[in-house]
Amino acid sequence: MYVAVKGGEAAIRNAHKLLADRRRGDRDVAPVQLDQIVEQLSLAVDRVMAEGSLYDPELAALAIKQARGDLIEAIFLVRAYRTTLPRFGYTKALETAQMQIERRISATFKDLPGGQLLGPTFDYTHRLLDPELAVDAPIETPGQRDEPEVFTPRVTDILGHDGMIEEDGELPEGAVAGDLTREPLTFPLERDLRLQALARGDEGFLLGLAYSTQRGYARSHPFVGEIRIGEVEVELEVAELDFPLTLGTIRVTECQMVNQFKGSAKQPPQFTRGYGLVFGQSERKAMSMSLCDRALRARELGEDITATAQDEEFVISHSDNVQSTGFVEHLKLPHYVDFQAELDLIRRMRAEHERNRLAGVETKEAAE
Amino acid sequence: MSDTPLLKVRDLSKFYGSRIGCQNVSFELWPGEVLAIVGESGSGKTTLLNCLATRLAPSAGSVEYRMRDGQFRDLYRLSEAERRFLMRTDWGFVHQNPADGLRMTVSAGANVGERLMAIGDRHYGNIRATATDWLGRVEIASDRIDDQPRAFSGGMRQRLQIARNLVTNPRLVFMDEPTGGLDVSVQARLLDLLRGLVSDLGLAAIVVTHDLAVARLLSHRMMVMKDGHIVETGLTDRVLDDPQAPYTQLLVSSILQV
Amino acid sequence: MTDLATYNFAYLDEQTKRMIRRAILKAIAIPGYQVPFASREMPMPYGWGTGGVQVTAAVLGPDDTLKVIDQGADDTTNAVSIRAFFQKVANVRVTTKTAEATIIQTRHRIPEAQLQAGQILVYQVPIPEPLRFLEPRETETRKMHALEEYGLMHVKLYEDIARHGHIATTYAYPVKVEGRYVMDPSPTPKFDNPKMHMSPALQLFGAGREKRIYAVPPHTEVVSLDFEDHPFEIQTFSQPCALCGAKGSYLDEVILDDKGGSMFVCSDTDFCEDRQAKGHRGALAADTAEAAE
């Protein structure tokens with residue numbers, strides 16, 4: 001006797017209960033607190049904020065906890081929340097030249113105004129597992145030096161003085177930067193929208209593409225002009241006030257990649273830029289973004305488009321991990337109606353094939 | 001031949017930056033006439049062909065085409081829809097490399113039938129019959145109709161490309177080195193076939209070639225190009241037998257007499 | 001802790017709904033044309049019906065009665081999940097009965113029962129572009145639609161016939177709407193294509209990840225692409241539904257054992273239950289089987 005499969009609701013309810021149980025794990029182990037995640041897994045929090053496009057460490061920590069540490073799931077949670085938030089307005093462009101710098105390095109100049117600052121980096125650590133971290137060994141408080149504040153100009157501004165590097169791109173008169181969360185993307189894109197898409201793009205995807213440009217697929221001869229990490233003020237222009245309102249500060253990572261450019265009929269040879277800007281601390285993402293940005297400027301700079309990293313439709317259409325994971329994972333939803341149609345077709349075609357084969361045998365026999 | 005030209009070209013120029021592609025080219029093409037554009041590589045003949053076929057936008061000049069309704073239209077002022085329609089009905093373009101003009105992963109029959117389907121033919125049997133007929137006309141056995149061009153030899157691919165172009169009875173066909181890259185014996189057969197088709201169908205054609213033998217066999221009239229300019233133009237036999245321009249004399253004397 | 005905002009009726013804020021409604025109106029005005037819209041991130045994954053959910057959210061009112069089906073059934077997990085979502089965020093009446101619903105959101109099927117004027121059928125669409133697998137580029141397919149260059153579509157059908165003797169597309173079978181735009185009917189089996197033609201109901205299609213909305217207004221011509229001498233045909237089943245005995249409905253194959261035993265039952269569960277309630281019985285219906293025991 002056949003009983004139709006029922007009880008989807010009960011199954012879902014039970015599955016969610018089990019999920020909650022597994023999320024909590026062994027009840028004898030203390031539950032992880034959001035402040036622990038914010039303080040001690042801060043780079044995971046940064047990634048969720050960056051790709052979730054929402055600067056809120058506490059919410060990101062909650063998302064990480066809720067997602068059991070699955071960062072793409074956490075990014076998805078943050079995005080689904082972010083999309084419901086009302087828009088008050090658009091802030092002014094960040095003045096990264098005014099950044100309160102914690103780390104700042106340049107691969108192009110040995111010494112430069114403001115100096116080089118290593119900051120809290122994994123660079124030059126030996127990747128040896130540290131048993132000390134397994135126990136709660138005390139951590140020394142880093143020393144602090146009081147120094148007069150120095151202005152730390154951006155390396156690209158220094159290069160820009162004698163026209164060695166192209167100027168920062170400018171929007172045409174009266175143009176307003178696009179917002180990919182409010183308007184549908186239509187290709188080809190302008191750079192503002194492209195950078196937005198890259199900024200929220202999947203770190204792994206962009207890393208792979210950036211790597212491909214270094215291996216000859218759209219080679220751009222890049223140099224790290226500058227990477228800086230630190231706090232910048234976020235300012236909003238309010239119609240009633242004649243000065244911008246400071247909303248607070250956020251931590252960002254900025255990467256200015258400097259690339260060779262041989263010049264064209266219209267332009268003299270000069271360096272060009274690839275730009276990366278990411279919430280929080282993530283050099284890998286900012287550098288990958290800047291390499292991809294430069295590769296995607298091929299059309300604008302009149303370069304041949306030969307590699308994947310230069311293919312705007314390909315890169316931007318597949319860089320968003322919330323979209324990618326949804327569509328890849330949707331394959332586990334039932335498809336049995338379509339499958340039934342295919343099953344029926346294959347059966348029919350196999351029957352035809354068999355008939356033709358038998359007919360062939362007969363003709364052959366008759367001929368013999 | 002009709003007393004009205006099919007194509008009127010006026011002062012056509014194409015520059016790549018400061019480099020000349022072709023400059024100040026003017027001529028007329030008459031219905032049923034085959035015009036060869038000859039010259040060595042880099043002479044601008046392919047640039048000129050691509051401008052005429054609207055595959056490239058010229059820097060200056062105009063090209064007017066007499067549409068089927070008898071009206072002359074400036075090709076560069078046609079809308080994209082009109083231009084695309086023209087290209088898949090009244091025109092053909094035979095590429096030197098057949099892979100550029102064929103769908104390599106689609107059967108020979110569909111390659112020939114595509115243009116018919118594009119203009120609204122919706123009868124499978126008729127499309128297939130027409131495709132079979134055209135394969136026969138270009139000497140491809142009808143039992144190859146369901147094979148993909150990937151399985152064809154170079155000569156067969158080129159003949160398939162020709163069939164694909166001619167199936168809508170175009171009035172004008174552009175050919176870019178149609179026999180280039182083929183063996184000599186295969187070339188001869190293809191030229192023979194082309195000559196027959198062009199005269200049977202009363203096609204007008206513009207053939208770009210570096211091979212004077214091709215020009216001799218196919219064309220009524222020829223233009224000799226050097227450094228982006230036309231250096232000589234005239235009836236093919238006259239130009240080849242009695243070249244006037246020093247460059248043409250050099251070109252003709254440098255090859256075996258054909 | 002950050003206070004989570006309470007959600008608006010049907011989840012989306014009114015601004016967003018207005019934007020989606022504008023896209024829907026445009027889609028209705030140009031039947032079969034894919035209207036780009038600023039698809040939002042939804043609380044369910046892309047590819048799981050976010051387009052359909054946004055369209056439903058934009059047209060749903062407090063007086064509506066909602067039905068959600070996946071593969072024709074109301075009790076498949078994703079249908080249950082989407083129905084529960086709207087009960088939670090809009091508190092609307094829900095039903096499994098096709099005739100009672102004012103809005104039906106569907107994935108992969110069109111209900112067997114004839115839809116009525118005033119009803120809206122909302123399709124979840126994964127890939128809205130019927131030309132996508134012939135031409136991957138959006139910039140190029142847009143041009144092909146604009147110039148009505150659909151020859152390539154028939155090349156594919158031609159190849160099917162040349163290779164198999166018949167058209168081998170079984171679902172997501174392309175249609176031409178009102179003699180102009182070629183449209184993907186979403187991955188419904190081609191069995192359902194004729195139901196779209198001249199339907200008195202409004203049909204809306206939402207693709208969230210691909211950010212497109214398109215529509216077939218009531219009483220619009222929807223023609224499946226074919227050749228004159230190889231006309232479009234729908235699937236037929238050699239046996240009636242084993243539960244309700246219906247002939248001419250779309251059937252799911254249910255595997256009964258590991259020895260190749262299977263039975264065929266209606267994929268539209270409401271249709272099947274309705275028939276059984278009216279006394280129709282198939283060969284393996286529960287009470288028939290019990291009586292036989």
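Worth saying up front: this structure is predicted, and the values here are computed from it rather than measured. Chain A is the first sequence line, chain B the second, and so forth, proteins listed ahead of strands; every chain is numbered from 1. Note: hydrogens, waters and symmetry copies are ignored here, and every other heavy atom, side chains too, is used.
To the nearest 0.5 Å, atoms OG1 (C:Thr50) and CZ (A:Phe327) are separated by 10.5 Å. Separation of atoms OG1 (C:Thr77) and CG (A:Leu333) is listed at 7.0 Å; rounding is to 0.5 Å. Rounded to the nearest 0.5 Å, atoms CZ (A:Phe187) and CD (C:Glu138) are 8.0 Å apart. To the nearest 0.5 angstrom, A:Glu9 atom CD is 10.5 Å from C:Asp74 atom CG. The line from NZ of C:Lys190 to CG of A:Asp338 is 13.0 Å long, rounded to the nearest 0.5 Å.
With a threshold of 4.5 angstrom between heavy atoms, A:Asp179 does not approach chain C through any atom at all. Only the side chain of C:Ser267 comes within contact range of chain A, with at least one heavy atom under 4.5 Å from a heavy atom of that chain. Of the two parts of C:Phe264, only the side chain, counted from C-beta on, holds a non-hydrogen atom closer than 4.5 Å to a non-hydrogen atom of chain A. Using a 4.5 Å cut-off between heavy atoms, A:Pro86 makes no contact with chain C at all. Only the side chain of C:Ile127 comes within less than 4.5 Å of a heavy atom in chain A; its backbone stays farther off. Residue C:Leu12 does not touch chain A at all, counting heavy-atom pairs closer than 4.5 Å. Of the atoms belonging to A:Arg348, it is side-chain heavy atoms, and not backbone ones, that fall under 4.5 Å from chain C. Heavy-atom distances place both the backbone and the side chain of C:Arg137 under 4.5 Å from chain A. If you measure heavy-atom distances from A:Glu329 to chain C, the contacts under 4.5 Å come from both the backbone and the side chain. In this structure, chain C has a heavy atom under 4.5 Å from the side chain of A:Phe76, while its backbone stays farther away. Only the side chain of C:Asp70 has a heavy atom closer than 4.5 Å to any heavy atom of chain A. Heavy-atom distances place the backbone of C:Met44, and not its side chain, under 4.5 Å from chain A. In this structure, chain A has no heavy atom under 4.5 Å from any part of C:Thr169. With a 4.5 angstrom heavy-atom cutoff, C:Thr76 touches chain A only via side-chain atoms. Both the backbone and the side chain of A:His335 come within contact range of chain C, judged by heavy atoms closer than 4.5 Å. Residue contact with chain C, scored on non-hydrogen atoms closer than 4.5 Å, involves the side chain of A:Leu343 exclusively. Looking at C:Phe191, neither its backbone nor its side chain comes within 4.5 Å of chain A, counting heavy atoms on both sides.
If you tally non-hydrogen atom pairs under 4.5 Å between each of C:Arg107, C:Arg83, C:Met42 and chain A, the highest count goes to C:Arg107. Across A:Glu342, A:His353, A:Glu183, the residue that shares the most heavy-atom pairs under 4.5 angstrom with chain C is A:Glu342. Across C:Ala73, C:Pro189, C:Pro187, the residue that shares the most heavy-atom pairs under 4.5 angstrom with chain A is C:Pro187. In terms of non-hydrogen atom pairs under 4.5 Å with chain A, the most contact-rich of C:Ala168, C:Pro45, C:Ser39 is C:Pro45. Of all the listed residues (A:Leu345, A:Leu185, A:Leu331, A:Thr181), the one sharing the greatest number of non-hydrogen pairs under 4.5 Å with chain C is A:Leu345.
No more than 12 heavy-atom neighbours from other residues, nucleotides or ligands sit within 6.0 angstrom of CG on A:Asp304. Counting non-hydrogen atoms of neighbouring residues, nucleotides and ligands closer than 6.0 angstrom, the CZ atom of C:Phe9 exceeds 12 such neighbours. The local environment of CD in C:Glu233 is sparse, with at most 12 non-hydrogen atoms from other residues, nucleotides or ligands closer than 6.0 Å. Open room surrounds OH on A:Tyr217; 12 or fewer heavy atoms of other groups in view lie less than 6.0 Å from it. For CD of C:Glu140, the number of neighbouring non-hydrogen atoms (other residues, nucleotides, ligands) closer than 6.0 Å is greater than 12.
Looking at A:Arg87 and C:Asp13, no side-chain N of the basic residue comes within less than 4.0 Å of a carboxylate O on the acidic one, giving no salt bridge.
Across all their heavy atoms, C:Pro43 and A:Ala80 have their closest contact at CA-CB, 3.9 Å.
C:Gln15 is not listed as a side-chain neighbour of A:Arg182, based on a closest heavy-atom distance of 4.5 Å or more. Side-chain atoms of A:Glu352 and C:His166, non-hydrogen and from C-beta on, do get closer than 4.5 Å to each other.
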(request) Could you walk me through whether A:Val337 and C:Tyr171 pass the side-chain contact (heavy atoms from CB on, under 4.5 Å) test, one step at a time? (result) CA-CA 9 Å; A:Val337 165; C:Tyr171 64 93; over 6 Å; no

(request) Report the C-alpha separation of A:Thr186 and C:Arg142 in whole Å, then their side-chain angles, then the decisive distance to 0.1 Å, and conclude whether the side-chain contact (heavy atoms from CB on, under 4.5 Å) test is met. (result) CA-CA 10 Å; A:Thr186 37; C:Arg142 225 162 42 202; 3.6 Å; yes

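For the pair C:Gln235 (side chain) and A:Asp344 (backbone), a donor-acceptor distance under 3.5 Å is absent. Side-chain atoms of A:Gln340 come within 3.5 Å of backbone N or O of C:Glu253 as a donor-acceptor pair. Put simply, the side chain of C:Gln71 gets close to the backbone of A:Tyr336: a donor and an acceptor are under 3.5 Å apart.
Exactly one residue among C:Glu41, C:Glu210, C:Lys211 makes a side chain to side chain contact (heavy atoms under 4.5 Å, CB included) with A:Gln323. That residue is C:Lys211.
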